[in-house]
Amino acid sequence: MRCLQAARGTALSRRLPALLAVGVALLGLGVDQVSKGAVQASLTPGRPVDVVGTFLRFTLTFNPGAAFSLGTSMTLVLSIFAITALLACVFFGLGRIRTMPQAVALGLLMAGISGNLYDRLFRAPGPLLGHVVDFIQLPHFAIFNVADICITTAAGLIILLSFRGPNEKKKSETI
């Protein structure tokens, strides 16, 4: 009986990082879409609203391209790339993560990809051609959204995790 309970506990502990990643992804997607909906309901495109002086503004824009409005004529390609990246995260990434920090990084990455992909699939001008809602503006920087923050944070975490030594990985697995 104890062996069966131990096996169940071990199986759950192996799945826990994947469950955390999915939870982070769903939470991030929800926050991204709720924030975009709120901004669309309350702002007029091109009319900035100061949030923290001129340091932080909300400026509603619709971006057909990628970061910094690059590739504005490649919306379909960006949509297909996002679908491929999300499928890779789900089918290859979830099965390979072993630690909670890896789970958070993968969850944030999936949240960001799915948040912007949602826009490309369901917003005007149509499926796979939709424009991404951006609204957060800092001085002398691009206008971005919560999904972009998730992707950037995930990239930073992945870089930090890649510098960890084997002993540090074993420590985080027990946390």
| task | Just jot down the side-chain hydrogen bond (donor to acceptor under 3.5 Å, both in side chains) partners of Asn145, sequence neighbours excluded, or say none. | result | Asn116, Asp134
| field | All side-chain hydrogen bond (donor to acceptor under 3.5 Å, both in side chains) counterparts of Gln137, not counting sequence neighbours | value | Thr59
| query | So, do Met110 and Cys150 sit near enough that their side-chain heavy atoms are less than 4.5 Å apart? | reply | no
| Mind checking whether Phe144 and Phe141 have parallel, tilted or perpendicular rings, split at 30° and 60°? | perpendicular
| request: Could you give me the CA-CA distance, side-chain angles and deciding distance for Leu43 and Phe58, then say whether side-chain contact (heavy atoms from CB on, under 4.5 Å) is met? | output: CA-CA 8 Å; Leu43 294 182; Phe58 286 171; 3.6 Å; yes
| said: With clusters defined by side-chain heavy atoms of hydrophobic residues (ILVMFWY) lying less than 4.5 Å apart, directly or transitively, does Phe122 cluster with Leu26? | reply: yes
| task | Indicate yes or no: at least one non-hydrogen side-chain atom of Ile97 is less than 4.5 angstrom from one of Pro17. | result | yes
| request: Check whether any side-chain heavy atom of Leu106 lies under 4.5 Å from a side-chain heavy atom of Cys89, and answer yes or no. | output: yes
Which side-chain N or O atoms in residues 151-158 pair as donor and acceptor under 3.5 Å with protein atoms at least two apart or in another chain?
from   : atom 1 : to     : atom 2 : distance (Å)
Thr152 : OG1    : Asp148 : O      : 2.9
Thr153 : OG1    : Ile149 : O      : 2.8

| With a 4.5 Å limit on heavy-atom distance, are the side chains of Arg120 and Thr75 in contact? | yes
| task | Work out which heavy atom in Leu94 is nearest to a heavy atom in Ala21; give both atom names and the distance. | result | CD2-CB, 3.7 Å
| task | Determine whether Leu16 and Met100 make a side-chain contact, defined as any pair of heavy atoms from C-beta on separated by less than 4.5 Å. | result | yes
| said: Once salt bridge (Lys or Arg N to Asp or Glu O under 4.0 Å) is applied, what residue pairs with a partner in residues 48-63 remain, sequence neighbours excluded? | reply: Asp50-Arg57
| field | Heavy-atom side-chain proximity of Leu128 to Ile83 below 4.5 angstrom | value | yes
| Pairs touching residues 59-75 that satisfy salt bridge (Lys or Arg N to Asp or Glu O under 4.0 Å), sequence neighbours left out | none
| message | Contact between Leu76 and Leu129 at the side-chain level, heavy atoms closer than 4.5 Å - yes or no? | response | yes
| request: Quick one: pull up CG in Leu138 and CD1 in Ile136 and give me the separation to the nearest 0.5 Å. | output: 8.0 Å
| request: Using the test salt bridge (Lys or Arg N to Asp or Glu O under 4.0 Å), find all partners of Asp32 that sit at least two apart in sequence or belong to another chain. | output: Lys36
| field | Main-chain N/O of Gly65 paired with Ser69 side-chain donor or acceptor, under 3.5 Å | value | no
